[in-house]
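First the proteins, then the strands, lettered A, B, ... as listed; each starts at 1. Computation of the quantities below employed the complete heavy-atom set of this structure, encompassing side-chain atoms and omitting hydrogens, waters and symmetry-equivalent molecules.
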Amino acid sequence: MKYKEYKQSISQLSTQVNQEILAFWKANQVFEQSVTSREGKPTFTFYEGPPSANGTPGIHHVMARTIKDIFCRYHTLKGKQVKRKGGWDTHGLPIELQVEKELGITKEDIGKKISVADYNKKCRETVMKYKDQWDELTEKMGYWVDLQNPYITFENKYIESCWWLLQQLYNKGLLYQGYTIQPYSPAAGTGLSSHELNQPGTYKMVKDTTIVAQFKIKGTPNDYFLAWTTTPWTLPANTALAVGKDIDYVKVKTHNQYTNQPVNVIMAKALMGKILGNKYVNRNDTEEEKFAGKIPYVVCEEMKGEELLGIEYEQLIPFAQPLENAENAFKVIAGDFVTTEDGTGIVHISPTFGADDFRAAKQAGVPPLTILDEEGKEMPLVDKQGRFVKSVKAQFDAYFDNSELKNKYIKPNYIKPEYEEKESAKENYLPSDVLISIMLKEQNKAFKVEKYEHTYPHCWRTDKPVLYYPLESWFIRTTALKDRLVELNKTINWKPESTGTGRFGNWLENLVDWNLSRSRYWGTPLPIWRTEDGKEEVCVGSIEELISLGFLSKEKANEYFDWDNLDKSNLSNALDIFPMSSTGRYISLQEIKRVVPDLESKLDLHKPFADDIVLIKHGLILNRVPDLIDVWFDSGAMPYAQWHYPFENQDIFKANYPADYISEGVDQTRGWFFTLHAIAGLVFDSVAFKNVVSTGLVLDKDGEKMSKRKGNVINPFEAIERYGVDAIRWYMVENSDPWDNLKFNLAGVEELQRKFFSTLQNTYNFFAMYANVDNYEIDEFNVMPYEQRSTLDRWVISVLQNLIETVDKAYTDYDVTKAVRAIQDFVCDQLSNWYVRLSRKRFWIGEMTADKLAAYQTLHECLLVTAQLMSPVAPFFAEWLYKNMTDNIREKAKAKNTPLQYDSVHLTYFTEPNKNLIDKDLEQSMTLAQSICSLVHSIRKDKKIKVRQPLQKILIPILDEATKAQIEAVKDLIKTEVNIKEITYISDDSGILTKKIKPNFRELGKIYGKQMQAIAAEISKMSQADINRLEKEGEFIVYLNGNASKLTLKDVEISSEDIAGWSVAKDGNVTVALDITITDELREEGIARDLVNRIQNIRKDKGLEVQDKIKVFIQEGDKAVNMAIRKHAAYISGETQATVLELLPQVAQGEELEIDDWKVRLEVAVG
RNA sequence: GGGCUUGUAGCUCAGGUGGUUAGAGCGCUACACUGAUAAUGUAGAGGUCCGUGGUUCGAGUCCACGCAGGCCCA
């Protein structure tokens, strides 16, 4: 058997194909070949966004990796060399958390219950926990990526490249130390990550003293801004007030409720009711302090927030002055975060204690309120223990004339246990918020003080409220090159475009400096060493540099290298040990290297080693800044670090930079996409990638996010096992564009399997079965010229060329959905349901003829091209199809160096469409044929005449000659398909056509515009005679409001509607009439065909093979039946491969058949 | 709260530059066909094109404002 036949179900086949092809790829190293065979060809560079192997892969990873895989395979087909280095993302918080969970510890325990070294060792082990599962998925889903030599972000070489990049940034002045306002726990003495803040139970209801403070406008007797705060202790640090530009504000004339002084206060109009409450009464006369027990007020002015901008006010609590730019402080600025939800619509800004505040102040050039500590370092008014600094404390003490400040800690919660007893024991203890309230009330600066219940984040460790506090942080000055980054982004092809212009573009437009610092343990250390005062600072850019500059204390040298016991005979003298009388003895890494030659490989650049190294400069000790860097920097550095650039592989790097293509989830826009872009732009003034597909989410079938809790997670391994990878991959890209969210429904996969893959299987089986019977084998050097092939062949070949073009373009444009839909439509509708169906007879009957040969060659070509076109998406099934179609001639092809010489479809070169074979006219003909057949079927069904009953003719009205010619070209196909004898055409002079006229709105609209309705009405009134005259003369006059308007043919659409006295069906502008008269002759023919059908069924029931011969004996019966058999004996025997067909008076054996209204007894014998 | 995105038949999706009767597949109902047969054909039922307003002779399509879902950011 030359072509293997596959009779199993499609699901069995899919599983089998997966296994066999995978084994084939492995045994023949097909992936490796697909890269090596393109050596020296242009490269198509793909960057793999590294997954983290500390979690298990999910179905969404199948989606993401399918998209990645498709375009790499496609460009391989196009002859490019596509290297794809795999990678692993190995640093970061999720890994730390997992380790902590496994060990049952918290961050607090690190350095106590477990050493940093052991902790990081554990992280290193955990990182690859599920690597096996990932590798298995990669292989099973047919994702081709180099897993043999992946980049791993925790390796020294990788870190070294990161350091080099950081040094580049540092040297350009783009890496600097600054501050960010972060959640900080004074009780624990540590910053909190947003993740820690998102722990359940962190947000608690608390009751705080809140103040609506009065900020006096400069140069006015008693005009005030009102601003509300839930953290009164931040008021001494106030340097600005923020308003919303578009918010409406009012100035209200009234009295202060605590001092009774007349005041004019400004607040948001929308919040006036809430602020004044029922203590106030609206009255024109506000001279009196009280009216009916309430305070009278009146609105005296209204304004927009915009008008308030820049107005200066007097400092509320002048206990300290800004260190710099004091002239820019104490004025009104704009804040996009200002709302009229609560408060006053005017927000008190203390840049040192609020993230929004910090940002808004910075934008407006407003300075923070800071002081210099004893060492001359700038710090906010509150220290890290949560206490006011001495100078502020002294001012409070002075105001309250009290030697021991009652509000030393800004929140009572922060009082350390050892003080608690002492301080709270005092009867007159009051929280600072209360003290400030008292002070402001007395000074006519508090409009309203009240308790307010709200949620506030608490430290999960100490259970005490967090403080938003400025912490030291290292930044990359991305803002310095913002415009360039924006410009570079415009050269990137984003799919979809909106992600690039919208989400990413806006992000770039509103860029802030990249905060690089992370206070963690497992990650790339920031390679900056500095003296305590920050005066000396070194950014290290390589391991070599580290060794040349670094020192280890003697203790550490012993710990890491067993220094005391090493053979140090090579060392010249003790000068190599740097003596520091006060701090101990340090040994330079250079010296250690002399004794430990493979030092580099023994280093671990992670903590704690990196922290244990000191640099010595001008006799000063430089310690490493303890921060780690954002893991996103790791992944953004992969174009360089994956090749250990610039320390190694400079040539490979240059040939593969920037990437032609990357793809990740749209949620990576501000993650990986950004970090790639930022590093490339800042360090190399380049883009990192030219094309990017951002993929959407994979949701469950109801559009819900998949989660373990909901139990709607789809296990990728099970799904693959059950449906095969190809159906899943195909489904994922066919169902919706990759960038839209996908509602993943296994029922849809199943449907696709039935619909598409099963059809393909059947089509192949059909080919294989007959090819084997006829001993057909493709011969690449002896194919029938296309012009000699049948209409049907030329048509399908033409359609195939269109398909190649469409698919090629779609893949080029990263529109994979378009590509697969086109392939699917071709296979199901054009190839299987039209070409094969109409060609069945050609394969079935008789000897090998030229026509039959053409049919084989045509079908072979279609299936082969289909295999190639679909191979990027369904790599297994495509391979299976390709091999089945070509394995039998491989040796010949290799010998002769033909396109089919490749063992795998994935090693072939993309078929070029042959435009000469595209015949648009023929395609239109076939479209007509398809629609005419469909219409005839529809009439037959309506009249209950089965297709097996031949009918005499159909009538097709023809309004132009071109259409007639097109139908003529396919008339035989139509006749066979719908079982009629002849087609006749009628033209409009036959007098039996009823025509319909319709305005061509598109044309008429241009001319008549508003008169459209009227003219449409006129056209609908036209009679048959009018239509005929328009057609004949090419114009027709209608009257609109008495004005003559000339209609021409292009202003209308004319179609034939009906044919008097016929059974008619109509679709678009095709109309068909069917002659439903059944003459005796036709009936006899119908009987013959019925008989053929029944005999075929009997053959099949008996399990006969296609080529088996039979003898048929029929018992005489109904006259018409007898006549039919006699007349059509040759036809019947031919169709059923009967060597004998006899009509006998009596047939004892056999069976009695009932067909319609007649019966027949017959026997079918083998032989 | 902001940016982006989606909303068309029970389900999954098509519907260049506005053109009057909005389509396909699946599912459902009925009928037919049968050497590809767990396939196929024909017909039917099924629509507030998310809503409101606007531009226009004409809006699923363009504009504005909303509503609902999703992602990211605050």
Side-chain angles (χ1 to χ4, degrees), chain A residues 7 9-11 194 244 336-339 341 355-356 359 496 498-507 509-510 665-671 694 696-697 699 701-705 731 734-737 739-745 747-748 750-752 754-756 758-759 761-770 817-818 821 824-825 828-829 832-833 836-837 840-841 843-844 933-942 944-948 977-978 998-1006 1008-1016 1065 1092-1097 1099-1100 1104-1106 1135-1137:
Chain A
K7 295 293 187 189
S9 73
I10 183 65
S11 47
S194 58
D336 52 13
F337 47 85
V338 180
T339 68
E341 293 283 302
D356 275 340
R359 193 166 45 84
S498 60
T499 302
T501 53
R503 188 181 281 211
F504 195 68
N506 290 340
W507 164 248
E509 292 290 346
N510 299 306
V666 68
D667 52 338
Q668 295 287 331
T669 308
R670 287 163 191 197
S694 69
L697 262 65
L699 307 170
K701 62 183 165 58
D702 301 318
E704 300 260 357
K705 214 170 164 171
Y731 169 80
E734 188 269 345
N735 192 268
S736 58
D737 281 319
W739 40 86
D740 288 336
N741 289 349
L742 171 68
K743 290 180 192 165
F744 190 84
N745 190 351
E750 214 171 312
E751 178 188 325
L752 185 74
R754 275 206 318 271
K755 184 109 191 90
F756 176 64
S758 177
T759 303
Q761 178 196 8
N762 279 322
T763 309
Y764 166 74
N765 270 344
F766 176 87
F767 170 84
M769 182 174 73
Y770 288 115
T817 304
K818 209 172 178 182
R821 283 179 182 171
Q824 202 172 313
D825 179 73
C828 295
D829 295 346
S832 171
N833 273 338
V836 173
R837 192 151 58 85
R840 262 149 53 182
K841 273 224 156 53
F843 292 97
W844 170 234
C933 289
S934 163
L935 290 170
V936 175
H937 279 134
S938 146
I939 301 171
R940 277 181 173 273
K941 142 85 174 112
D942 187 46
K944 300 205 190 313
I945 303 168
K946 56 191 173 189
V947 180
R948 237 179 289 143
E977 172 65 9
V978 297
K998 210 175 93 177
N1000 181 342
F1001 286 96
R1002 196 188 285 270
E1003 289 297 324
L1004 290 171
K1006 289 183 209 157
Y1008 295 99
K1010 295 196 185 212
Q1011 292 171 296
M1012 194 71 230
Q1013 302 298 349
I1015 200 147
V1092 168
N1093 167 240
R1094 297 310 164 112
I1095 295 169
Q1096 299 286 36
N1097 283 348
R1099 279 183 62 113
K1100 208 172 155 195
L1104 297 185
E1105 291 301 319
V1106 169
E1135 288 287 312
T1136 59
Q1137 313 236 40

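For the OP1/OP2 pair of B/C13 and a distance below 4.0 Å, the side-chain nitrogens and oxygens of A/Asn735 include at least one atom meeting the criterion. One finds no side-chain N or O of A/Asn741 lying less than 4.0 angstrom from the OP1 or OP2 phosphate oxygen of B/G69. Checking the phosphate oxygens (OP1, OP2) of B/A38, no side-chain nitrogen or oxygen of A/Arg754 falls inside 4.0 Å. Taking 4.0 angstrom as the limit, A/Thr499 places none of its side-chain polar atoms (N or O) nearer than this to OP1 or OP2 of B/C4. OP1 or OP2 of B/U42 has at least one side-chain nitrogen or oxygen of A/Ser934 nearer than 4.0 Å.
Donor-acceptor pairing under 3.5 Å, judged by distance alone, is present between the side chain of A/Arg503 and the base of B/C71. One cannot find a donor-acceptor pair under 3.5 Å joining the base of B/A39 and the side-chain atoms of A/Thr759.
Nucleotide B/G1: paired with B/C73 (Watson-Crick or G-U wobble, both distances less than 3.5 Å). Pair assignment for B/U40: B/A32, on the basis of Watson-Crick or G-U wobble contacts that are both within less than 3.5 Å. Both distances falling under 3.5 Å, in either a Watson-Crick or a G-U wobble arrangement, occur for no nucleotide opposite B/G47. Applying the Watson-Crick and G-U wobble criteria (two distances, each under 3.5 Å), B/A68 pairs with B/U6. Using Watson-Crick or G-U wobble geometry with both donor-acceptor distances under 3.5 Å, B/G23 finds its partner in B/C13.
Across A/Ser736 and A/Asn741, no two heavy atoms sit closer than the pair OG-O, 3.8 Å. Between A/Arg503 and A/Val666, the closest heavy-atom pair is NH1-O, 3.5 Å. Nearest heavy-atom pair, A/Ser694 versus A/Thr499, reported as atom, atom and distance to 0.1 Å: OG-OG1, 3.5 Å.
Side-chain proximity of A/Arg821 to B/C13, B/G25, B/A36: nearest is B/C13. When each of B/A74, B/C73, B/U40 is scored by its nearest atom to the side-chain atoms of A/Arg670, the top-ranked nucleotide is B/C73. When distances run from any side-chain atom of A/Leu697 to the nucleotides B/U42, B/U40, B/G70, the shortest one goes to B/G70.
Nucleotide B/U12 holds its P atom 14 Å from the CZ atom of A/Phe744, rounded to whole Å. Atom CD of A/Gln824 and atom P of B/A24 are 16 Å apart (whole Å). Per the geometry, CG belonging to A/Asp740 stands 11 Å off C1' belonging to B/G7, to the nearest Å. Between the NZ atom of A/Lys755 and the C1' atom of B/G27 there is a distance of 13 Å, rounded to whole Å. Per the geometry, CG belonging to A/Asn1093 stands 16 Å off P belonging to B/U37, to the nearest Å. Rounded to whole angstrom, the span from the NZ atom of A/Lys743 across to the C1' atom of B/U12 amounts to 8 Å. A/Asp737 places its CG atom 11 Å from the P atom of B/G7, with the value rounded to the nearest Å. Computed from coordinates, the A/Lys818 NZ to B/A14 P distance equals 12 Å when rounded to whole Å.
Nucleotides B/A43 and B/U52 are separated by 39 Å at their C1' atoms, to the nearest Å. Look at the C1' atom in both B/G1 and B/U21: the space between them is 45 Å, to the nearest Å. Nucleotides B/U56 and B/G69 are separated by 32 Å at their C1' atoms, to the nearest Å. The same atom, C1', is picked in B/U61 and in B/C49; the two are 10 Å apart, to the nearest Å. Nucleotides B/A9 and B/A14 place their P atoms 12 Å apart, quoted to the nearest Å. Only the P atoms considered, B/C71 is 32 Å distant from B/C26, to the nearest whole Å. Taking atom C1' in both B/A24 and B/G46, one finds a spacing of 15 Å when rounded to whole Å. For the C1' atoms, the distance from B/G54 to B/U42 is 45 Å, rounded to whole Å.
Contacts of A/Thr669 with the nucleic acid, taken as non-hydrogen atoms under 4.0 Å apart, are absent. A/Asn506 comes within 4.0 angstrom of the backbone, heavy atoms only, and of no base. Within 4.0 Å (heavy atoms only), A/Tyr770 reaches sugar-phosphate atoms of the nucleic acid but no base atom. The residue A/Asn1000 sits apart from the nucleic acid: no heavy atom pair falls under 4.0 Å.
Taken from CG in A/Leu935 to CZ in A/Arg940, the straight-line distance is 13.5 Å, to the nearest 0.5 Å. Distance check: A/Glu977 CD to A/His937 NE2 gives 5.0 Å after rounding to the nearest 0.5 Å.
In terms of position on RNA chain B, the residue among A/Trp739 and A/Leu742 whose nearest nucleotide sits closer to the 5' end is A/Trp739. If A/Asp829 and A/Glu751 are placed on RNA chain B by their nearest nucleotide, the residue sitting closer to the 5' end is A/Glu751.
Under the 4.5 Å side-chain criterion, counting only non-hydrogen atoms from C-beta, A/Asn745 is in contact with A/Tyr731. Between A/Leu699 and A/Leu742 the shortest side-chain heavy-atom distance does not fall below 4.5 Å.
For A/Phe766, the ring pair (Phe, Tyr, Trp, His ring centres under 6.0 Å) partners at least two apart in sequence or on another chain are A/Tyr770, A/Phe843.
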